[in-house]
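Please read the structure below before turning to the comments.
Each chain gets a letter, A, B and so on, in the order its sequence line appears, and its residues count up from 1. The structure presented is a predicted model; accordingly, all values stated were derived computationally and were not measured.
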Amino acid sequence: MSKENVTREENYSQWYNDIVIKADLAETSAVRGCMVIKPYGYAIWEKIQRQLDDMFKETGHVNAYFPLFIPKSFLSKEAAHIEGFAKECAVVTHYRLKTDESGKGVIVDPEAKLEEELIIRPTSETIIWNTYKGWIQSYRDLPLLVNQWANVVRWEMRTRLFLRTAEFLWQEGHTAHATSEEAIEETLKMLNVYSEFAEEYMAMPVIKGVKTANERFAGAVDTYCIEALMQDGKALQAGTSHFLGQNFAKAFDVKFTGKDGKLDYVWATSWGVSTRLMGALIMMHSDDKGLVLPPKLAPFQVVIVPIYRGDEELNLVSEFSLKIQKELKRKGISVKFDNRDTYKPGYKFAEHEYRGVPVRIAVGPRDVANSTVEVARRDTLEKEVLQVIDLPEKISHLLEQIQKNLYDRALERREQNTNQADSWEEFCELLDNKGGFIYAHWDGTSETEEKIKELTKATIRCIPLNNKKESGLCVYSGKPSAERVLFARAY
RNA sequence: CGGGAUGUGGCUCAGCCUGGUAGAGUACUCGUCUGGGGGGCGAGGGGUCGCGGGUUCAAAUCCCGCCAUCCCGACCA
């Protein structure tokens with residue numbers, strides 16, 4: 001671990017990459033575009049998973065698992081869907097290798113060509129709807145509320161750790177309903193689960209909205225999303241929830257008999273968040289000293305670093321520290337006692353700071369004598385000396401404060417980087433000099449949206465839900481508009 | 001797939017132009033002094049110089065070919 005950190009100011013993307021690598025979250029792998037998620041990074045993902053999974057269960061969903069492979073013919077059953085994903089699919093064509101005749105290595109056995117090629121899922125709508133056809137006959141089978149935790153592959157040209165990798169981990173919910181209304185309600189319900197998770201657990205303020213036709217999921221009627229603003233002024237889509245209408249039901253012929261005896265196609269939704277959330281989490285709170293984690297998602301919330309010289313002091317300090325650890329654990333706080341004898345305290349301070357541990361407690365012989373400890377918080381880097389007797393209460397409170405402070409800070413940053421543009425000049429100037437979210441009028445056409453993207457690289461992130469109606473003129477075309485939409489350059 | 005760059009101990013890189021015993025920092029191992037913010041000193045281990053071919057008495061260095069990776073574009077949760 002090097003001592004000099006690149007700052008956000010100097011080089012934002014290197015700053016990000018450095019944190020991922022040096023905080024030991026993930027690394028690039030021998031496979032192009034794919035990453036190895038390291039234990040510390042995976043521990044954060046597990047916390048994300050655990051919490052979301054609980055929230056899914058609470059809203060009536062159950063988990064299942066569908067195959068990694070999708071028959072090629074399935075993918076093409078829904079026209080828009082194949083259109084959207086065709087360009088980034090990995091394809092399995094053979095099922096066997098054999099020893100190369102020239103001696104070394106193995107080659108693909110040309111004899112072992114698959115009759116029908118298999119696609120490695122870029123998403124699972126097709127295999128799932130093919131399966132649902134067998135599960136659904138009557139309104140009594142509905143709603144069907146299933147989620148799966150899985151990996152998917154999208155053959156991206158350029159990848160970045162967590163933000164865009166060829167293979168990534170995610171969850172995908174796939175639900176079937178008897179009515180359009182119910183499916184839309186489900187779509188929005190899950191959008192709300194995502195935004196609640198983002199704000200409450202990741203301490204990441206998000207804007208809920210609906211995507212324009214251009215940005216819609218391939219095969220959806222409507223795509224809803226949560227959008228967050230990163231520290232470099234770029235937007236990041238953190239989660240999506242799709243109302244699929246009857247598109248997939250029609251493509252896979254999934255019908256049900258209603259109470260009235262009539263046959264109809266079912267209504268569908270799908271929704272997902274991925275390991276991209278890790279990228280969002282890293283960029284949202286971290287500073288030039290490294291990762292900053294919200295207490296609710298930190299693998300451990302508190303680290304205790306003992307300071308000692310010789311075995312005698314070690315025993316003294318350890319006993320004291322273990323007592324503290326026990327008390328804190330009783331309060332439901334996760335605490336790591338870093339008693340590695342192979343590293344010095346200063347090294348440990350720096351390491352835990354870089355890895356974003358929310359609270360550090362240093363315990364030395366002086367503390368044992370005075371019944372105190374030194375407490376340092378990661379978000380503000382403030383240190384204070386506290387009486388041991390108060391510790392469980394104070395640390396518990398401190399963790400809440402940190403969680404809240406991170407959210408407040410992020411929200412304030414977003415507000416400061418959110419502007420309105422009323423003219424094309426203003427729009428371009430804001431993008432180039434300030435970045436961030438820009439509320440501007442748009443004439444509602446795809447042509448204008450594409451033109452703006454071509455000229456400025458900014459896209460419409462979403463049309464915010466509950467957007468206030470306000471008539472105005474499109475920032476690009478000058479045509480009438482009924483509301484402002486949210487623009488930004490995005491990841 | 002276009003444009004640019006780079007491949008040398010685990011990592012970051014120097015050496016290449018001008019061919020002649022493969023180096024530094026860091027990391028690692030051992031010893032020792034240390035320990036309240038990334039320690040000091042001493043010793044030690046570790047590299048077919050991306051791969052293949054060519055030129056030469058001699059190639060990390062010159063020539064040809066290939067491969068890989070990174071950055072910038074087109075595509076994207």
Base-pairing assignment for [N] (Watson-Crick or G-U wobble, both under 3.5 Å):
N	result
B:U61	none
B:U29	B:A43
B:A22	none
B:A14	none

A:R461 NZ/CZ over A:F437 ring centroid, <6.0 Å and within 45° of normal: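 Verdict for A:F437: no cation-pi partner in A:R461.
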
Do A:K234 and A:Y491 meet the cation-pi criteria used here (NZ or CZ under 6.0 Å from the six-membered ring centre, within 45° of the axis)?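 Cation-pi check for A:K234 and A:Y491: passes.
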
Sole residue of A:E196, A:K296, A:Q51 in side-chain hydrogen bond (donor to acceptor under 3.5 Å, both in side chains) with A:Y201: A:Q51

For atom [atom1], what is the distance between [N] and [M], given to the nearest Å?
N	M	atom1	answer
B:C49	B:C62	P	15 Å
B:C1	B:C16	C1'	32 Å
B:A60	B:G7	C1'	11 Å
B:A74	B:G3	C1'	12 Å
B:A22	B:C63	C1'	23 Å
B:U48	B:G52	C1'	14 Å
B:G19	B:C11	P	30 Å
B:G45	B:U26	C1'	16 Å

The residue, A:R309 or A:A166, whose nearest nucleotide of RNA chain B is more 5′ is A:R309

Along RNA chain B (nearest heavy atom to each residue), the more 5'-positioned of A:L381 and A:Y491: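 Closer to the 5' end of RNA chain B: A:L381.
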
Proximal nucleotide (of B:G36, B:G39, B:A77) relative to the A:P345 side chain: B:G36

Between B:G36, B:G38, B:G39, which nucleotide has the shortest distance from any of its atoms to the side chain of A:R366? B:G36

Check each of A:R340, A:K22, A:R360 against A:E351 using the salt bridge (Lys or Arg N to Asp or Glu O under 4.0 Å) test, and report the only one that passes. A:R340

What are the residues of residues 32-45 of chain A, sorted by number, that bring a heavy atom to within less than 4.0 Å of RNA chain B? A:R32

Quick check on contacts: within residues 200-217 of chain A, what sits under 4.0 Å from RNA chain B by heavy-atom distance?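 By residue number: none to list.
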
Tell me whether A:F168 is stacked on the nucleobase of B:A77, counting only the six-membered base ring and applying the 5.5 Å and 30° thresholds.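 Ring-base stacking flag set for A:F168 and B:A77.
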
Hey, does [X] reach any base, or is it just sugar-phosphate, or nothing, if we go heavy atoms under 4.0 Å?
X	value
A:Q237	sugar-phosphate
A:L163	base
A:E374	base
A:T165	base
A:K383	base

More than 12 heavy atoms of other groups within 6.0 Å of [X] [atom1]:
X	atom1	value
A:K434	NZ	yes
A:E312	CD	no
A:D311	CG	no
A:K289	NZ	no

[atom1] of [X] versus [atom2] of [N]: gap in Å, rounded?
X	N	atom1	atom2	value
A:R160	B:C71	CZ	C1'	12 Å
A:K344	B:U32	NZ	C1'	11 Å
A:K87	B:C1	NZ	P	17 Å
A:M157	B:A77	CE	P	14 Å
A:E88	B:C75	CD	C1'	7 Å
A:I304	B:G37	CD1	P	18 Å
A:E351	B:G39	CD	P	12 Å
A:E156	B:A74	CD	P	14 Å

With a 3.5 Å cut-off and heavy atoms only, can you find an N or O donor on one side and an acceptor on the other between the side chain of A:E353 and the base of B:G37?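 Donor-acceptor pair under 3.5 Å: yes.
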
With a 3.5 Å cut-off and heavy atoms only, can you find an N or O donor on one side and an acceptor on the other between the side chain of A:R360 and the base of B:G37?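 It does, because a donor-acceptor pair links the side chain of A:R360 to the base of B:G37 below 3.5 Å.
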
Check whether A:N370 reaches the backbone of A:D367 with its side chain - one donor and one acceptor, N or O, closer than 3.5 Å.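 Absent.
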
Using a 4.5 Å cut-off on heavy atoms from C-beta on, say whether the side chain of A:V373 contacts that of A:F320.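 Counting from C-beta outward, A:F320 and A:V373 do come under 4.5 Å.
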
With a 4.5 Å cut-off on side-chain heavy atoms, are A:V210 and A:C462 touching? no

Partners of A:Q171 by side chain to side chain donor-acceptor pair (under 3.5 Å), sequence neighbours excluded?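 A:Q171 satisfies side chain to side chain donor-acceptor pair (under 3.5 Å) with A:N147, A:Y194 once adjacent residues are dropped.
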
